[in-house]
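Here is the structure we will look at, set down as structure tokens.
Throughout, protein chains are lettered first and strands after them, A, B, ... in sequence-line order, and every chain is numbered starting at 1. Atoms considered below: every heavy atom in the structure, side chains included; atoms not considered: hydrogens, waters and symmetry mates.
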Amino acid sequence: MPALGVELVDMDGTSCCGPFAIQSLDYTGWLALAARNLCIAEKMGLDIMALCNDCYESLMMVNQTLRTDKETRDKVNEILSVVNKKFKGTVNVKHTMDVLCDDVGLDKIRNKVAKPLNGLRVATQVGCHLVRPKLLHTEIGKGFEVLDDLVQALGAEPVQYDDKEICCGGPLRDIDDHLSRNLSNRKLAALKRANVDCVVTACPFCYIQFDVGQLEIKTLLKEEYDIPVLHFVELLSFAMGIKLEGPQLREHRVSIDSIVRKLA
Amino acid sequence: MMVEKSALVIGAGIAGIQASLDLANRGIKTYLVEKSPSIGGRMAQLDKTFPTMDCSICILAPKMIECFRHPNIDLLTYSEVREVHGSAGDFTVKVVKKPRYVQADKCVGCGICADHCPVEVPNEFDSGMGIRKAVYLPFPQAVPRVYTVDRDHCLDCGLCQSVCTAKAVDLEQQPVELELHVGGIVVATGFDVYEPFRITSYGYGKYKNVMTAMQLERLLSASGPTGGRIMRPSDGRIPRSIAFLQCVGSRDQRFGYPYCSSICCKYAVKDAVLMKEHRPDSEVYIFYIDLRVFGKGFQEFANRAKKEFGVKFIRSSPGEIREDPETRDLTLWYEDTLTRTVTSLKVDLVVLCTALMPRSDSVELAKILGIDTDKFGFLVPSDSVGQPVDTQVPGIVGCGYCLGPRTGDIPDSVMQAGAAAARVSEIIMARSV
Amino acid sequence: MCHCGINIGGVVNVPEVVEYAKTLPNVVWTEGNLYTCSEAGLSSIRDSIKKHGLNRVIVASCTPRTHEPLFRATCEEAGLNKYLFEMANIREQCSWVHSHEPEEATAKAKGIVRMAVARARWLEPQDEPEVDVSDSAMVIGGGVSGLTAAVTLANQGFKVHLVEKEPQLGGITRRLGKIYPTLQDSSEIIDPLIKTTTSNENIQVYTSATLKDVSGYVGNFKVTLKKGTEDMKLDVGTIVLASGALNYEPPKGSFQYGVLGGVVTQLQLEEMLARGEVAEPERVLMIQCVGSRTGEVWTYELSDMSQSFAARLLSKILGVKKEEGWPYCSKICCMNAIKNAIRIKELWPKAHVDILFSDLRTYKEYEDFYRKARALEVKFIRYIREIPPEITEAPNKKLNVTAYDTLAGVETEFLCDLVVLSTPLCPSKEDVMLARMLKVPLGPDGFFMEAHPKLRPVDCQSDGIFIAGTACGPKDIPESIISAKAAAARASILMANRKLRTEALTADVNTDLCIGCGLCEELCPYGAHKIQNGKSTTIAALCRGCGVCAADCPRHAITMRHYSDRQILAQVEAMMA
Amino acid sequence: MHVVANTPRGEGVLSCIQCGRCAGSCPVGRLTVKYNPRRLVEMVNLGFKWEALFELSWLCLSCFTCIDRCPQGADVGEVVFALRSIGARDGNIPKGALTMARNLVETGHIVIPTASMSKQRASFGLPPRESVPEVAKIARKSGFSKILGLK
């Protein structure tokens, strides 16, 4: 990110933002918890960049809700008072993709590409919570093409596939693993048909679902795909010629050597 | 006070035509203003009409010609109303006759100009399914039978001028402004058809074989671009399976209009039966939410469509349409809500029965007339129950679909036209006696 | 010769028929048009009449019903008597019915043209008798439609006689408490209308009066009214038929109507609410389409239904008895039910209202009305006709309703205080009598039939009679008012012109042959024949040209103008040739 | 009174006209007959036994496709949140969710930070994730802890 002129500051003392599992249990509780994180950013006077779609969805929804709905805002602030915090609504919540597309801009990204990913067939998985939450039904919402555009900017070829706009299945983990796996399986099968070099996600959760998921599916459903899964940021760093070392690469359950080789 | 024993009718679709005839036959001098080159409106675009299955233009044409020949009707086509002053019984109206660049009195409608014109433009009358030249007659039965040069697309090559044996083409023609004095005004400007680009999951504009019902009507029509043969836009193949989708953009709080357009279920059943008649071995499906075949004879007709013609009715609004990139066939994902099974269906052609919406310029015209429109842009009656065709301005009445979905179908429009004519006659006669 | 786009040209080989026609005797000019009814086609008729001095014109195209007047007028413009025009229908009677046999169709088209030519030879010019039109009208029915029609005509200076069989005006509208979608009192609509009617000096109101007899013809109807014991005679130029419709009464026992208390129709509910006879209910259940949309087959697989229902369904099928009621959709019941549901919700917010429907037809902007009801927590449950809800008696005056919700696929039970049946508007028994008296046809649905369902929705087939409101099918109040005004508009045209030409197609008696036997006078359904000093005479304006007299005259003394034996026999011979 | 319609995020139920566009779009519905968003709403409005509904409501992915397509703004995808929270009040919470929630309240994170995570964060020059006691305070105040059966 710094190479693209974006300075990132780690938010100290944040908690989890409250993914849908949390939202499901208690409305105000969720609002208050997420609002607390927003307050920290407000204190820092910085917009929030969320890498994870769930964090983004949660924070964005809460931010919008509390900005527009005074009654709820007062209720939440009343709760926040126990930790001497107060929601003001002074910061914006952005997803990494928003920052890349809107703040950095595709042109700048194109310029920064050191090693164009020519000939790389990439399938994209944007992740539902970046494009579909209710409050995004205004024009502020991004479309499924957002990631394709970015991938293209890196010189790779975005590949269309069936069920592209369908969920990765992640949210059903620990609730109905069987269903969760079947969903991923469906998508992976579609990816196979489209014979892609890799699938790139904008959401760490989709990333895990596909990456870890492929192992589970291999063992439980006896289906083997071997489709490398990358988060877009990884692909970006490849293209910008930033060497990924140590921990990042080890994270991949499905080897991405094929990609590394192809790009070398 | 002095009352003008004359009336202005704006819009020459079936409603405007009927209103004009009723007024003119009543002995009232009537100016019929139509903004497009020919009268006839939407009904002229349709193929056949339920329940007689008369071809629409065939029963409309005599009325169009009656208007044209009627001593009490002054036909002002390709003209627009610019200003209206005065009050009931005594309105002053400024109308502008747009230049056709063809002299109406000289043109014999032979069409030689069009044969020679090098420019091809998608034909609005065919909802873009067919093409016309830059000098054109919108459709064969057009009234008046005078060609029009569309200067937006014209290359000014002058070919038409040189080939016209009647010396009718005049590219220097200027707009003409007329001042009319009328006792009453009837607004009958009709409707536009909703283009469902915003409902992305149906892929309208993206998938070749997804079309609107109005486009289908043009394909079915004998005088349409395919001469009445139904062909898939992608490959010209005759579709063996067709799906009609109801409530596309109507009954829709988010992408279109919340109201029910009132006619889609009925014409869908009619078109479905026509399809079956064209090709008895074809599979025809109608996807509906509530099958609104109200009105005289329609329920019975729908029953026949199911029993005798084997049209399949499925209570569902499909979630999405997908296109096979090779074959261009379409797959609908839907839930049959009556058996509660989620499944998919492959068809050759999908027809979207889209909402009817106000004319793009309806609000503008309303301003000129000084009358109110609702939040969509339709006219609002002063008293929707007691005086259904009156506007807030005495002496100005409405009829046809410009009154919004209050109107159902053609008979409704014809009745409203009669009612509108009656209201105007009431004003004029009451004051002149 | 008309191609009518591909309607004819797509099947019949028109050019071939054109060539064939050229070969027929006496034919001097032949041409084909894409659309003969287009201005181009017509002008070419006018031109060729002048150019070739034609004295007969034949158009082979569609049906005379829609197009003959147009072509006749075109001939007249060119100075040719319109009865010298002949039309050959090669669309309805040829291309449409033989769309799959082009050769045979072409051959038949030739035959039809040949016949037309044969008849045309014998056509003679005719004059049309002109009749005076009285400028007074009779309106039958004092409901919202009748009143509106009367006022609309009176405002234009015509004299109107308004006939109502009930003692007071207002019709069914008066019985409604509120009206949708405005939820205003029906009196707000009907009272002012009654007031303007009764106070208008152009309108003469006859209440508790019925029609005894109607004779005469357009422009000169002779009406006999019966009010109490006395008869009254009226002469009117036009008649507006606004006799309205009835609210269908379900047969005893259907949905327990008339068996269990608490089962009522929507109209009864309205009257009960108006009279304040409804105690706060816990739950009211409404059932749509009771007595309407009968004979529908929207069957589902038994597998779709729970066993108990399969059983119930089977018992229904085994004990099949014809569904009572009407096949059409009454159109207004959905809004009406919602209206009453909203009223109940407004009166008693705690009360539950459930509406069992099979298609919710809140057309037009009434969709908002439906939305409003949902927002008020009125519940809409879709049932299917094959499994009608079952109603049984429950303790303390309550009713137990078992209904199958197809959308959830479950059987649900409702314990209600009231079960309200949404029954359709239906034609009244008197309509049959009226129809006979006025010589206007009834449609298959039992309502009065319009001249053309699309383009002449308020005209009757018999001239001078117009239909307004629910007499020709279910309508709500605004629609009734619109149709009434439209009917008035059509009637006013006739009366304003004061004169009318009628068809020349009438009986012509050859007094030399007539023996005055009086058979024609006896047979004529229109009373057009009178025996005067030993010979039959025809009252042209009454004669409809049916030809009964000509067919039966023992001395062949009667010929029908424009349909002489000679003309018809010539056609028959041409056909055989 | 309509319980769901009057629970936050449940307002949509009354707008539903049962068109089935959600069911035709739902990825879960294509895999199992158990879950059908349209039917879920119909059952809610019919006043169905809650127990059944909670269980169903947890089959929703929250992929929000239904919300994206619903022509009426009935938003089943939102309604399920209302259903779940109603269920949670009487302790109907799936194990997975409960663990996550408790982790969150107790440590501030649904996934409790491990040594390897800290190590990894360190490799990016980031401090290890501390637990966040404030969360517990907020949870207690808002009544969230109570729902989770925590003090």
Side-chain angles (χ1 to χ4, degrees), chain B residues 194 196 198-204 243 245-261 264-265 285-292 313-322 330-347 350 352-355, chain D residues 5 9-49 52-53 55-80:
Chain B
Y194 174 76
R198 289 185 61 205
I199 306 174
T200 50
S201 59
Y202 286 170
Y204 176 75
L245 270 56
Q246 296 305 310
C247 304
V248 178
S250 36
R251 300 186 72 185
D252 186 330
Q253 300 280 340
R254 282 188 46 219
F255 308 106
Y257 297 89
Y259 52 78
C260 160
S261 293
C264 322
C265 289
Y285 306 84
I286 295 181
F287 288 84
Y288 67 96
I289 301 173
D290 292 289
L291 194 70
R292 295 185 170 173
F313 292 82
I314 300 175
R315 192 197 176 281
S316 171
S317 173
E320 67 198 51
I321 300 172
R322 296 216 190 145
L330 301 157
T331 303
L332 299 145
W333 272 100
Y334 70 96
E335 178 211 12
D336 181 334
T337 60
L338 297 181
T339 55
R340 298 168 304 284
T341 43
V342 178
T343 158
S344 67
L345 171 73
K346 202 170 190 179
V347 294
V350 170
L352 305 178
C353 300
T354 57
Chain D
R9 303 180 88 166
E11 307 82 1
V13 277
L14 293 177
S15 322
C16 178
I17 59 170
Q18 291 287 307
C19 69
R21 211 178 280 183
C22 47
S25 308
C26 179
V28 181
R30 288 177 198 180
L31 289 181
T32 168
V33 294
K34 271 191 293 181
Y35 184 70
N36 175 332
R38 178 201 58 77
R39 184 160 183 261
L40 183 62
V41 171
E42 178 72 0
M43 285 157 78
V44 167
N45 284 334
L46 271 178
F48 238 67
K49 305 261 163 305
L53 300 184
E55 200 191 322
L56 285 180
S57 71
W58 278 97
L59 289 179
C60 169
L61 279 164
S62 300
C63 72
F64 301 144
T65 313
C66 49
I67 296 181
D68 202 36
R69 306 241 168 109
C70 178
Q72 294 294 326
D75 302 336
V76 196
E78 289 280 311
V79 171
V80 291

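Heavy-atom distances place no part of Glu42(D) under 4.5 Å from chain B, backbone and side chain included. Heavy atoms closer than 4.5 Å to chain D are found in the backbone of Tyr334(B), but not in its side chain. Only the side chain of Ile199(B) comes within contact range of chain D, with heavy atoms under 4.5 Å apart. Contact of Tyr257(B) with chain D is not made at all, since no heavy-atom distance falls under 4.5 Å.
Taking every heavy atom of both residues into account, Val342(B) and Arg30(D) meet most closely at CG1-CG, 4.1 Å. Nearest approach of Ser25(D) to Gly319(B), heavy atoms of both residues: OG-CA, 3.2 Å.
Atom CD of Glu320(B) and atom CG of Asp68(D) lie 10.5 Å apart (nearest 0.5 Å). Distance OG1/Thr200(B) to CZ/Arg69(D): 7.0 Å, rounded to 0.5 Å. In this structure, Ser317(B) OG and Arg38(D) CZ are separated by 12.0 Å, a value rounded to the nearest 0.5 Å. Distance check: Asn36(D) CG to Arg340(B) CZ gives 9.0 Å after rounding to the nearest 0.5 Å. The distance from the CZ atom of Phe287(B) to the CZ atom of Arg21(D) is 12.5 Å, given to the nearest 0.5 Å.
Few gaps surround CD on Gln253(B); more than 12 heavy atoms of other groups in view lie less than 6.0 Å from it.
Side-chain atoms of Arg254(B) come within 3.5 Å of backbone atoms of Cys70(D) as a donor-acceptor pair (strictly under, hydrogens ignored). A donor-acceptor pair is defined here as one N or O able to donate and one able to accept, closer than 3.5 Å; no such pair exists between the side chain of Gln18(D) and the backbone of Ile289(B).
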